[in-house]
Amino acid sequence: MCGIVGYIGAKNCIPILIGGLKRLEYRGYDSAGIGILTDDSTKVIKSVGKVSVLQEKVDSLDLNANIGIGHTRWATHGVPNEINAHPHMNADGSLLLIHNGIIENYEVLKETLKHFGYEFRSETDTEVLTMLIDSFLKKGHDLLNAVRAALSEVEGTYGIAVIYKEEPDKIVVAKKGSPLVIGIGDNENYIASDVSALVAHTQQVVYLEDGEVAEVYCDKFIAKDVSDKEIEKEVKEITLKLDEISKSGYAHFMLKEIMEQPESICNAMRGRLLLGEGTSKLGGLEDYIDRIVQSKRIIISACGTSWHAGLVGEYMLEQFAEIPTEVEYASEFRYRNPLIYPDDTIIFISQSGETADTLAALKESKRKGALVIGICNVVGSSIARESSTGIYIHAGPEIGVASTKAFTAQLTVLSLLTLLIARKKRMSLVDGQNIVKEIESLPEKIEKILSLDSKIEKIADQFKDAKNFLYLGRGYNFPVALEGALKLKEISYIHAEGYPAAEMKHGPIALIDKDMPVVFLAPKDSTYDKILSNIQEVKARHGRIIAVASESDNRIDKLVDYTIKIPDTIRMLMPILTVVPLQLLAYHIAVKKGLNVDQPRNLAKSVTVE
Ligand code: AGP
């Protein structure tokens with residue numbers, strides 16, 4: 001979603017802002033803009049579409065400034081056009097503001113401001129906040145206090161950065177619900193909504209917390225809390241490297257991330273498996289494990305792909321950890337006043353750690369006294385920081401909007417958690433050791449599946465013009481069917497549905513004819529014979545079938561049009577393997593359709609608005 005970048009120092013800020021915005025492109029956006037402060041004036045340049053379009057405009061102007069802010073906008077209030085793009089400015093152009101988040105009471109504020117003579121050019125909530133700050137400047141406040149006063153009247157979420165011609169030595173930033181990071185340089189400072197925009201310049205960062213504001217000068221920053229008290233902020237070192245956020249020769253980030261999975265799941269399990277004891281070690285949980293083991297119930301809450309990971313987690317935890325587990329969409333959970341008991345453990349799963357609904361559900365659960373565990377990828381993200389404790393998945397930066405390696409790393413971590421709890425309960429040493437060995441063998445098995453890439457590409461060629469797809473699986477592979485369908489619809493815009501295979505007869509079978517491709521997840525497990533019956537039912541109605549099946553299976557080939565054979569593993573780990581061909585299938589179909597795989601239309605990498 002929207003991205004923020006800013007610079008103050010001795011260098012020309014223009015290439016820094018454009019470079020930072022390019023790093024933020026993966027978040028998803030539809031327009032972009034920069035605002036700069038030169039000796040005696042401000043200047044704003046905006047464009048619709050890609051940052052490269054903005055760059056062309058900016059390059060033609062030969063600009064130079066030592067302080068500036070930049071923004072990528074994902075439209076919420078008002079269509080994507082130059083007027084609605086950020087930065088927004090006050091009437092005389094002396095005040096420039098960029099904003100991530102949503103000002104919920106903007107209509108009321110706008111009406112009041114109109115009453116006092118303010119005129120608005122855009123349809124955005126952000127312009128209202130700009131004018132509100134301006135109204136406090138006009139009352140004699142300095143920039144920091146005008147920002148604070150305006151924010152005290154605002155309901156909603158924000159990460160903002162403001163520059164003001166009358167106070168040209170600073171950028172004022174504030175945060176509530178949207179991430180805001182200050183990057184510390186040598187006599188220069190940066191601001192961003194995401195460390196990937198800073199990593200080319202500095203590894204030293206300071207994360208603002210909700211309610212905090214800061215004045216960022218070139219040689220220092222002053223942060224204050226809600227009560228206007230100056231606060232000492234810890235400077236943290238980011239471990240992110242520039243090459244981790246480049247395509248490294250791959251055509252797309254999504255393909256790179258699919259191909260990285262043997263390594264990313266190794267990283268997710270590294271140092272966490274104890275073969276001798278047949279268990280796992282999760283440092284963050286050590287102080288809480290007894291309480292977790294004694295939980296009467298586990299609730300997993302998340303959105304999108306992370307929610308699918310949660311569904312697989314439910315199967316794992318109920319089967320082996322023997323704790324009743326429920327999986328909730330965070331967006332529903334947060335609003336229905338859920339019943340939460342002191343002996344519940346609630347797990348929030350989020351790749352980005354910034355998803356607004358997941359974060360809000362977490363805060364509500366904490367408020368009700370639950371033990372809250374975060375499973376996140378982005379280190380230092382809001383969900384990671386707000387959780388009582390957590391487990392990082394260590395998948396490395398995921399830039400492609402369609403989540404791939406985060407999903408398999410989430411499943412790996414959920415299997416480690418399951419193993420840890422199960423071994424504290426009734427699981428035998430031998431069974432625990434068997435699971436450890438199976439987890440350790442996953443990277444090699446994924447390598448084998450990835451070597452089928454060109455075969456899967458040829459299958460994609462046969463299906464790229466399909467209008468609909470069905471994905472069917474049972475047990476542990478039902479959530480994989482959902483995930484396969486989500487991958488396809490996100491990046492190829494083909495309508496796709498995932499179902500438990502047995503549900504087909506209760507409705508979706510009506511859709512099946514020669515134009516309906518059906519992907520079956522059919523590894524040899526206890527549901528295999530039932531899946532074969534479902535395959536027969538589709539075949540009898542002339543559906544075209546792709547099956548993901550076990551290497552050892554030589555029955556299935558005659559029943560289906562295409563098979564993708566994968567290595568075997570134990571049932572609980574099977575989703576980590578079966579999902580990989582589905583990721584590649586979706587990827588190749590989207591590429592063959594000529595679509596923007598890494599930045600699909602309307603989507604954002606991290607959904608920071610409700
Ligand atoms: C996955 O491909 C999607 N882009 C999306 O469903 C995503 O998983 C969801 O928005 C949750 O994101 P999170 O894991 O960062 O919380």
Side-chain angles (χ1 to χ4, degrees), residues 1 26-29 74 177-179 193-194 196 252-255 257-258 261 264 268 300-313 327-334 347-363 373-387 390-393 395-411 413-414 471 479-480 482-493 496 498 579-580 582-587 590 595-610:
M1 283 197 158
Y26 79 97
R27 294 170 63 96
Y29 69 105
W74 187 86
S178 286
S193 52
D194 178 331
S196 60
H252 299 97
F253 281 109
M254 183 180 177
L255 183 60
E257 287 154 11
I258 293 171
Q261 289 177 105
S264 54
I300 303 178
S301 187
C303 302
T305 288
S306 298
W307 183 77
H308 296 156
L311 289 178
V312 178
V327 186
E328 298 263 6
Y329 283 114
S331 54
E332 293 296 318
F333 187 59
R334 62 176 291 197
I347 302 174
F348 291 93
I349 307 178
S350 174
Q351 186 286 130
S352 61
E354 301 296 348
T355 301
D357 283 320
T358 312
L359 184 58
L362 183 155
K363 287 182 177 167
I373 301 175
I375 296 183
C376 294
N377 190 30
V378 178
V379 175
S381 56
S382 302
I383 292 173
R385 283 179 288 135
E386 289 280 345
S387 300
I391 318 169
Y392 281 119
I393 63 169
E398 190 178 69
I399 308 290
V401 163
S403 185
T404 53
K405 65 175 181 173
F407 180 68
T408 47
Q410 286 164 346
L411 297 188
V413 158
L414 285 164
Y471 286 73
V480 179
L482 296 178
E483 175 61 7
L486 179 64
K487 288 292 85 94
L488 188 71
K489 68 183 125 190
E490 283 190 287
I491 59 169
S492 73
Y493 316 145
V579 75
V580 178
L582 306 192
Q583 297 168 343
L584 285 169
L585 184 67
Y587 170 77
L595 298 170
N596 186 342
V597 173
D598 285 331
Q599 291 156 32
R601 70 181 178 206
N602 305 336
L603 290 179
K605 182 64 185 162
S606 70
V607 182
T608 50
V609 296
E610 292 169 27

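These values consider heavy atoms only, across backbone and side chains, with no hydrogens, waters or symmetry-generated copies. Keep in mind that what you see is a predicted model, and the values were worked out from it rather than measured. Start at 1 and go down the list; that is how both ligands and their atoms are numbered.
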Show the numbers, then the answer: is there a side chain to side chain donor-acceptor pair (under 3.5 Å) between Glu398 and Ser403? CA-CA 7 Å; Glu398 190 178 69; Ser403 185; 2.9 Å; yes

Any nitrogen or oxygen of Val401 lying under 3.5 Å from a nitrogen or oxygen in ligand 1? Just yes or no. yes

Look at atom 10 (O) of ligand 1 and say which protein heavy atom is nearest, naming residue and atom and giving the distance to 0.1 Å. Val607 CG2, 3.9 Å

Based purely on interatomic distance, does Lys605 place a nitrogen or oxygen under 3.5 Å from a nitrogen or oxygen of ligand 1? no

Atoms of ligand 1 close to Ser403 [distance to a heavy atom under 4.0 angstrom, numbered from 1]: 1 (C), 2 (O)

Parallel, tilted or perpendicular: ring planes of Trp307 versus Tyr329, cut at 30 and 60 degrees: parallel

Nearest 0.5 Å please: distance from the NE2 atom of His252 over to the CD atom of Gln599. 10.0 Å

Would Glu483 and Thr305 count as having a side-chain donor-acceptor pair, cut-off 3.5 Å? yes

How far is atom 6 (O) of ligand 1 from the closest protein heavy atom, and which atom is that? Gly304 CA, 3.2 Å

Is a donor from one side chain sitting under 3.5 angstrom from an acceptor on the other, for Ser306 and Gln410? yes

Specify the protein heavy atom at minimum distance from atom 9 (C) of ligand 1: its residue, its atom name, and the distance to 0.1 Å. Cys303 O, 3.7 Å

Side chain or backbone, does Gln410 bring an N or O within less than 3.5 Å of an N or O on ligand 1? no

Just to check, does Glu354 reach to within less than 4.0 Å of ligand 1 when the distance is taken from its heavy atoms? no

Identify, with sequence neighbours excluded, every residue that meets salt bridge (Lys or Arg N to Asp or Glu O under 4.0 Å) alongside Lys489. none

Of the protein's non-hydrogen atoms, which lies at the shortest distance from atom 8 (O) of ligand 1, and what is that distance? Thr305 N, 3.0 Å

Applying side-chain hydrogen bond (donor to acceptor under 3.5 Å, both in side chains) to Glu354 and not counting sequence neighbours gives Ser382

Atom indices of ligand 1 within 4.0 angstrom of Lys487 heavy atoms, with elements: 1 (C), 2 (O)

re atom 15 (O) of ligand 1, the protein heavy-atom contact at minimum distance is Ser352 OG, 2.6 Å

Under 4.0 Å from a heavy atom of Ala402: which atoms of ligand 1 are those, numbered in the order shown and with their elements? 2 (O)

Atoms of ligand 1 under 4.0 Å from any heavy atom of Ser306, numbered from 1 in the order shown, are 8 (O), 13 (P), 14 (O)

Check each atom of ligand 1 against the heavy atoms of Ser350 and keep those under 4.0 Å away; list them by number with element. 13 (P), 14 (O), 15 (O), 16 (O)

Just how far is it from atom NE2 of His308 to atom NZ of Lys487, taken to the nearest 0.5 Å? 8.0 Å

Distance-only N or O hit between ligand 1 and Thr355, under 3.5 Å: yes

Rounded to the nearest 0.5 Å, what separation is found between the CG atom of Leu359 and the CD1 atom of Ile383? 5.0 Å

CD1 (Ile373) and CD1 (Ile349) are apart, to the nearest 0.5 Å, by 10.5 Å

Atom 3 (C) of ligand 1 has as its nearest protein heavy atom Glu490 OE2, 3.1 Å

